[in-house]
Student: 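Take a look at this one; I'll ask things after.
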Amino acid sequence: MTKGTFTKKFWLSILINFGGMLAVLTLARQVAGNSGVIYLTIASLWFIFLLFFNLKLFGGYVAAQWHEFAKNKWRNILYVVIVLVLLEVAVTVANLYFHQFIPSAKSAGIVQYEFSTVTIVGTLWGIVGGLGDLVAAFVEELAYRHESMYVFKSKGKLLTGIMVIVSSLLFGFSHYYNFNGSLIATMPYVIAGVILSLSYLISKNFWVPTLAHLLFNSLSILSALVLLGIQLVDVIR
């Protein structure tokens, strides 16, 4: 396991995964204007880069953790289910309060890109977006849960607790554009970050929070796939 210190590797991960992501998404919005296709293309390419960047850094650890997950698969699957339920409940409940802090897209001057599901092409772009959500979940677990939190576990409970909070704040703030530029409105995702961090610490396995996060992010792509199936059946008829 990587030793938990503020190494160049740690700062590089923060710079690329947090700073780089917000910078690229900001640039993508400037380039795309109102075009969801252009924005999604740029964002998808960036997340693919992040995927390979993080696998280069942590690929061996990820593979080793998968073998450990399989050794106690039923216990770990139970952990995943429990974490997923906690995420759904916590984010839903927190959104009831923090939703009031989300400004309208118009007043914030932020475009929310959506694809019409009336056509098959629009649905296909929705699937691309859903795949991006899954890649993002995997990358976020490596960047925020592993490199920014779990590697500090050997340094004592105080530092680990501090890094749980710091990494969860970074995770929540990275969803800045999801909430029309309101940092306080990202708090439901900060809470989600804490839950995912604790699940990693308790289970001692990277794949527990990662699978829970992937399942949490899978709703959009599953919905798009079902809709695509319905559309294709209609075409065949």
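Owing to the predicted nature of the structure, the values given are computational and were not obtained by experimental measurement.
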Student: Checking Arg29 against Tyr39: charged group under 6.0 Å from the ring centre and within 45 degrees of the axis?
Tutor: yes
Student: How long is the straight-line distance from CE of Met163 back to OH of Tyr144, given to the nearest 0.5 Å?
Tutor: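 The OH atom of Tyr144 sits 12.0 Å away from the CE atom of Met163.
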Student: Is it true that a side-chain atom of Glu141 and a backbone atom of Phe138 form a donor plus acceptor pair closer than 3.5 Å?
Tutor: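 Not at all, since once roles are kept as given, no pair shorter than 3.5 Å links the two residues.
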Student: Taking all atoms of both residues into account, what is the closest heavy-atom pair of Ala32 and Tyr113, and its distance?
Tutor: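 Nearest heavy atoms, Ala32 then Tyr113: CB-OH, 3.9 Å.
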Student: Tell me whether Thr186 contacts the main-chain N or O of Leu183 through its side chain, where contact means a donor paired with an acceptor under 3.5 Å.
Tutor: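 Indeed, once roles are kept as given, a pair shorter than 3.5 Å links the two residues.
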Student: Mark yes or no for whether Ser197, through its side chain, and Gly193, through its backbone, hold a donor-acceptor pair below 3.5 Å.
Tutor: yes
Student: State, to 0.1 Å, how close Ile195 and Leu86 come at their nearest heavy-atom pair, and which atoms those are.
Tutor: CD1-O, 3.9 Å
Student: Between the side chains of Ser104 and Ser107, is a donor N or O closer than 3.5 angstrom to an acceptor N or O?
Tutor: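 Note: Ser104 and Ser107 side chains meet the donor-acceptor criterion.
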Student: Should side-chain heavy atoms under 4.5 Å link Ile, Leu, Val, Met, Phe, Trp and Tyr, which residues sit in the same cluster as Leu40?
Tutor: Val37, Phe115, Val121, Trp125, Val128
Student: Is there a donor-acceptor contact under 3.5 Å from the side chain of Asn54 to the main chain of Leu142?
Tutor: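 Pair absent, no side-chain N/O of Asn54 close to backbone of Leu142.
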Student: Do the side chains of Leu225 and Ile120 join up, straight or via other hydrophobic residues, at under 4.5 Å, putting them in one cluster?
Tutor: yes
Student: Taking Leu45 as the starting point, is it possible to reach Leu131 by hopping between hydrophobic residues whose side chains are less than 4.5 Å apart?
Tutor: no
Student: Does any part of the side chain of Ile38, heavy atoms only, come nearer than 4.5 Å to the side chain of Ile42, both counted from C-beta?
Tutor: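 They are in contact (side-chain heavy atoms under 4.5 Å apart), so the answer is yes.
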Student: Is Ile127 close to Leu228 at the side-chain level, that is, under 4.5 Å between some pair of heavy atoms?
Tutor: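 SC-SC contact between Leu228 and Ile127 confirmed.
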Student: Does Phe49, at its CZ atom, have more than 12 non-hydrogen atoms belonging to other residues, nucleotides or ligands within less than 6.0 Å?
Tutor: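 Above 12, so yes.
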Student: Is there a side-chain contact between Asn95 and Val91, using heavy atoms and a 4.5 Å cut-off?
Tutor: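 SC-SC contact between Asn95 and Val91 confirmed.
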Student: Can you get from Ile230 to Val118 by hopping between Ile, Leu, Val, Met, Phe, Trp and Tyr side chains that sit under 4.5 Å apart?
Tutor: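 Different clusters: Ile230 never reaches Val118 through Ile, Leu, Val, Met, Phe, Trp or Tyr contacts under 4.5 Å.
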Student: Begin with the C-alpha distance, continue with both residues' side-chain angles, and end with the deciding distance and a verdict on side chain to side chain contact (heavy atoms under 4.5 Å, CB included) for Val164 and Ser168.
Tutor: CA-CA 6 Å; Val164 165; Ser168 297; 4.3 Å; yes
Student: Would you check if the side chain of Ser167 reaches a backbone N or O of Met149 as a donor-acceptor pair within less than 3.5 Å?
Tutor: no
Student: Verify the cluster assignment for Phe52 and Met21: are they in a single hydrophobic cluster under the rule of side-chain heavy atoms below 4.5 Å apart?
Tutor: no
Student: Using side-chain heavy atoms (C-beta onward) and a distance below 4.5 Å, is Glu68 in contact with Trp207?
Tutor: no
Student: One pair to check against side chain to side chain contact (heavy atoms under 4.5 Å, CB included): Ser148 and Val166. What are the steps and the verdict?
Tutor: CA-CA 8 Å; Ser148 300; Val166 171; over 6 Å; no
Student: Only pairs at least two apart or in different chains count here, so list each side chain to side chain donor-acceptor pair (under 3.5 Å) that has a residue in residues 176-185.
Tutor: Thr26-Tyr177, Gln112-Asn180
Student: Do Leu222 and Leu227 share a hydrophobic cluster, counting only Ile, Leu, Val, Met, Phe, Trp and Tyr and linking them when any side-chain heavy atoms are less than 4.5 Å apart?
Tutor: no
Student: Quick check on Asp234: does its CG atom have over 12 non-hydrogen neighbours (other residues, nucleotides or ligands) under 6.0 Å away?
Tutor: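 Counting neighbours around CG of Asp234, more than 12 heavy atoms of other residues, nucleotides or ligands fall under 6.0 Å, so yes.
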Student: Should Leu50 and Asn17 count as side-chain neighbours, where that means a heavy-atom distance under 4.5 Å?
Tutor: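 They are in side-chain contact.
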Student: Rounded to the nearest 0.5 Å, what separates atom CG in Leu15 from atom CZ in Phe10?
Tutor: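 Result: 11.5 Å between the selected atoms.
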Student: Any ring-ring contact (aromatic ring centres under 6.0 Å, His included) involving residues 210-237? Give me the pairs, sequence neighbours left out, ordered by first then second residue.
Tutor: Phe171-His213
Student: Using side-chain heavy atoms (C-beta onward) and a distance below 4.5 Å, is Tyr79 in contact with Trp74?
Tutor: no
Student: Begin from the C-alpha positions of Phe18 and Phe173 and carry the test side chain to side chain contact (heavy atoms under 4.5 Å, CB included) through to its verdict.
Tutor: CA-CA 9 Å; Phe18 180 72; Phe173 292 168; 4.1 Å; yes
Student: Would you mind reporting whether Pro209 and Val83 have side-chain heavy atoms less than 4.5 Å apart?
Tutor: no
Student: Going by heavy atoms in the side chains, are Trp66 and Asn205 under 4.5 Å from each other?
Tutor: no
Student: In a check of ring-ring contact (aromatic ring centres under 6.0 Å, His included) between Tyr150 and each of Phe58, Phe206, Tyr61, Tyr200, which one passes?
Tutor: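 When ring-ring contact (aromatic ring centres under 6.0 Å, His included) is applied between Tyr150 and each of Phe58, Phe206, Tyr61, Tyr200, only Tyr200 qualifies.
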